[in-house]
Amino acid sequence: MVNYIVVGGGSAGCVVAARLSENPDASVVLLEEGPSDWNPYIHLPVGFYKTSQGALVEHYPWQPPPGYIGPANPGMVQARVLGGGATVNAMVYLRGQPADYDQWSHSGATGWSYQDVLPFFLKHEANDRFNNVSHSVAGPVGVSDQRHTHPLARLWVQACQEAGLAFNPDFNSGTQDGCGFYQINARKGRRSSTAVAYLKPARARTNLEVITHARVLQIILSNGRAMGVKYERRGKVQHLMADREVILCAGAINSPKLLMLSGIGASEALAEHGIEVHCDLPGVGQNLQDHVEVSLVSELNTPLSYDKYKKLHHKLYAGLQYLLFRNGPASSNIVEGGAFWRTSLAEGRADAQYCFMAGAGVEAGVDSVPGGNGCTLNVCQTRPRSVGSVALRSADPGIKPLIRPNYLQDPYDVDCMAEAVEYGRHIMAQSAIARHIRREFVPAQALRSRDDYRTFVRQAAHGALHPVGTCRMGEDDSAVVDQQLRVRGIDGLRVIDNSIAPNLCSSNTNAMAIMIGEKGAYHVLHAGA
Ligand SMILES: Cc1cc2nc3c(=O)[nH]c(=O)nc-3n(C[C@H](O)[C@H](O)[C@H](O)COP(=O)(O)OP(=O)(O)OC[C@H]3O[C@@H](n4cnc5c(N)ncnc54)[C@H](O)[C@@H]3O)c2cc1C
């Protein structure tokens with residue numbers, strides 16, 4: 001018997017386990033399905049292109065909606081390793097906009113407005129440039145300027161300015177509009193995941209046990225209370241009991257799945273799978289939100305990009321530079337240039353995000369160019385209206401859930417993306433960058449009318465790997481957790497990860513997960529506060 005069981009050691013879970021174990025009188029066990037984060041590529045920023053596609057991620061097929069014309073066999077990847085998304089992601093550090101969290105608060109997540117959550121962003125951050133009302137230097141997670149910025153990324157940011165965007169030195173200041181260079185989750189040239197920043201220093205504590213390769217199958221419930229979990233490790237099923245709380249941090253796909261497998265969800269759907277209903281909570285698995293992206297790929301007229309590092313001698317040189325000085329191309333996360341822009345549908349704040357990479361074929365599913373030297377501009381709608389769901393296919397924990405993201409089902413999203421893509425091409429046409437481009441590779445077809453753009457968006461859009469919202473926080477009947485992240489109707493059970501978000505933030509989602517981990521742990525430690 002332990003005091004707390006934390007299920008899932010991802011971006012949020014590592015924070016929760018580390019914070020709870022700061023109390024030497026509390027015993028904490030963290031159960032993580034994936035392996036430890038020993039792989040050296042994880043810690044090398046440029047290793048992102050390997051770790052985000054390899055054995056450290058799980059592939060989840062998703063069900064396309066009727067009329068879908070996008071890529072065949074669509075799927076999303078989610079991390080399966082200690083540190084979760086923070087271990088495999090592209091390290092871009094963004095928090096969204098203050099209005100995102102004010103929207104949470106207005107929707108019933110009282111106590112989670114921007115002013116409420118800002119202290120928990122500051123609590124985790126060790127910024128190597130900023131120290132002001134929006135930033136701190138004293139937290140565990142390194143947030144750094146890039147140690148190496150590719151000349152092409154600089155040219156792209158100049159092209160953005162040529163197109164009329166103002167230079168923004170800090171996308172996390174509260175004002176997102178403009179172009180600039182992303183800060184990244186790194187410290188001294190190495191990835192600063194939550195496994196490294198929170199868990200590693202905490203692992204010396206005798207009251208914290210971290211068990212990897214441990215897949216939780218079910219929460220053990222009795223008389224409306226979470227008593228422990230059933231988990232499988234190396235083929236053996238085991239039980240672990242907790243006398244204070246079970247805390248789910250398994251992410252927006254697996255936290256709702258675990259609740260449903262345990263009998264917490266829409267009673268009719270659970271009954272269909274022969275699962276005993278412990279709590280009829282129809283909101284479990286609903287409200288799935290994810291960003292969509294379109295990748296614009298161009299072929300360069302010189303071997304200028306990071307693609308040249310696919311050749312062994314360039315690779316060795318970059319490796320040596322990194323070993324000696326901790327800088328150079330190997331210290332780059334490749335996603336260097338960024339911008340936020342308002343489409344005509346924006347409703348007063350930026351709704352399109354651009355990520356520039358001085359390379360092609362860097363991300364899974366994104367094309368390389370025939371000439372071998374290319375660059376990629378990812379275009380993302382930051383506040384999509386399409387909403388989907390996660391449901392069980394079976395009562396067998398080994399079967400992946402039925403994911404219906406419903407990307408682009410709301411025509412508003414298609415219109416917004418079409419405009420954002422058109423503006424992305426407008427940036428790429430500015431002379432600062434255009435003079436280095438031989439030809440556009442994606443899109444391959446001519447796009448002239450807004451309808452051409454809409455069709456292209458429907459064909460080319462893919463998920464941005466930012467699922468949230470499936471155990472939504474609120475106070476209405478379909479909310480899954482309350483404002484202290486306690487599962488409604490069950491004692492001793494919380495969800496603390498991105499699944500509790502009422503809506504997406506207007507950017508990448510890792511900083512949000514860390515903030516949720518910090519604030520969630522605060523609520524556990526100050527029960528009732
Ligand atoms: C390839 C990729 C690139 C990304 N790039 C960026 C980026 O550059 N910037 C950014 O801000 N965001 C990025 N994101 C998104 C961001 O990383 C995630 O939003 C964030 O990590 C989610 O945190 P979480 O704690 O909710 O879930 P996760 O970090 O996914 O953690 C869930 C953990 O639970 C474990 N788990 C699941 N089921 C079980 C079970 N049954 N038993 C035990 N353990 C279980 C998983 O293995 C995982 O470790 C990226 C994501 C991916 C996948």
Side-chain angles (χ1 to χ4, degrees), residues 5-16 30-37 45 48-54 56-60 76-96 143 172 182-185 191 193-195 211-219 229-233 248-259 261-262 290-291 293 333-335 338 353 355 363-365 378 380 397-398 400-401 463-471 495-501 504-505 507-517 520:
I5 299 171
V6 179
V7 178
S11 297
C14 288
V15 181
V16 174
L30 172 63
L31 297 169
E32 164 55 43
E33 179 175 5
S36 194
D37 60 340
F48 147 68
Y49 81 95
K50 273 191 187 291
T51 53
S52 60
Q53 310 182 24
L56 305 178
V57 295
E58 182 72 64
H59 291 256
Y60 293 91
M76 68 164 74
V77 299
Q78 290 289 277
R80 193 186 51 187
V81 59
L82 205 59
T87 292
V88 303
N89 70 21
M91 302 166 60
V92 172
Y93 184 81
L94 289 165
R95 301 170 180 173
V143 178
N172 293 309
Y182 289 132
Q183 285 204 302
I184 62 171
N185 276 125
R191 179 188 287 273
S193 69
T194 52
I211 307 178
T212 53
H213 300 286
R215 183 161 62 100
V216 172
L217 308 173
Q218 204 179 7
I219 306 152
V229 299
K230 191 161 100 173
Y231 71 98
E232 186 253 310
R233 186 162 197 268
L248 293 188
C249 306
I253 304 301
N254 285 300
S255 283
K257 179 185 170 195
L258 278 169
L259 288 178
L261 285 172
S262 312
D290 192 6
H291 291 129
E293 287 178 345
N333 66 330
I334 305 178
V335 190
Q353 181 184 353
C355 293
E363 299 172 291
N378 275 354
C380 173
K400 287 177 182 159
L465 313 178
H466 297 159
V468 308
T470 48
C471 301
V495 182
I496 305 183
D497 60 28
N498 274 354
S499 63
I500 63 95
L504 272 163
C505 65
S507 71
N508 313 56
T509 45
N510 189 46
M512 183 177 98
I514 303 173
M515 177 280 287
I516 291 170

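Order of listing sets the numbers, starting from 1, for every ligand and every atom in it.
- Residue contacts with ligand 1, taken as heavy atom pairs separated by less than 4.0 Å, do not involve N333 at all.
- When only non-hydrogen protein atoms are considered, atom 4 (C) of ligand 1 lies nearest to N89 CB, 3.0 Å.
- With a 4.0 Å cut-off on non-hydrogen atoms, L31 touches ligand 1 through its backbone and not its side chain.
- Ranking the protein heavy atoms by distance from atom 19 (O) of ligand 1 puts T509 OG1, 2.6 Å first.
- Under 4.0 angstrom from ligand 1, the non-hydrogen atoms of A90 come from both its backbone and its side chain.
- In A86, the part holding a heavy atom less than 4.0 Å from any atom of ligand 1 is the backbone.
- Annotation: atom 11 (O) of ligand 1 to nearest protein heavy atom, N510 N, 2.8 Å.
- Heavy atoms of L94 stay at 4.0 angstrom or farther from ligand 1.
- Ranking protein heavy atoms by distance to atom 45 (C) of ligand 1, first place goes to E33 CB, 3.7 Å.
- With a heavy-atom cut-off of 4.0 Å, A214 touches ligand 1 through its backbone alone.
- Among I516, D497, V335, D37, the residue whose heavy atom sits closest to atom 24 (P) of ligand 1 is D497.
- With 3.5 Å as the limit, one finds no donor-acceptor pair spanning the side chains of N333 and Y93.
- Contacts with ligand 1 closer than 4.0 Å are made by side-chain heavy atoms of H466 only, the backbone lying farther away.
- What sits closest to atom 10 (C) of ligand 1 on the protein, heavy atoms only, is N508 CB, 3.1 Å.
- For the residues V77, T51, V216, T87, the heavy atom positioned nearest atom 53 (C) of ligand 1 is part of V77.
- Using a non-hydrogen distance threshold of 4.0 Å, S499 does not register as a contact of ligand 1.
- Distance from atom 20 (C) of ligand 1 to its nearest protein heavy atom, with residue and atom name: S11 OG, 3.5 Å.
- Geometrically, ligand 1 and V81 share a nitrogen or oxygen pair separated by less than 3.5 Å.
- By the criterion of a heavy-atom distance under 4.0 Å, both the backbone and the side chain of N498 are placed next to ligand 1.
- At a heavy-atom distance under 4.0 Å, only backbone atoms of C249 (N, CA, C or O) approach ligand 1.
- Using a 3.5 Å distance cut-off with no hydrogens or angles, the side chains of D37 and T87 do not pair a donor with an acceptor.
- Of all protein heavy atoms, the one closest to atom 27 (O) of ligand 1 is G251 CA, 3.7 Å.
- Distances from atom 46 (C) of ligand 1 to the heavy atoms of A79, G8, C14, P35 put A79 nearest.
- The nearest heavy-atom contact from the protein to atom 28 (P) of ligand 1 is G85 N, 3.9 Å.
- Residue R215 approaches ligand 1 through these ligand atoms, each under 4.0 Å from one of its heavy atoms: 41 (N), 42 (N).
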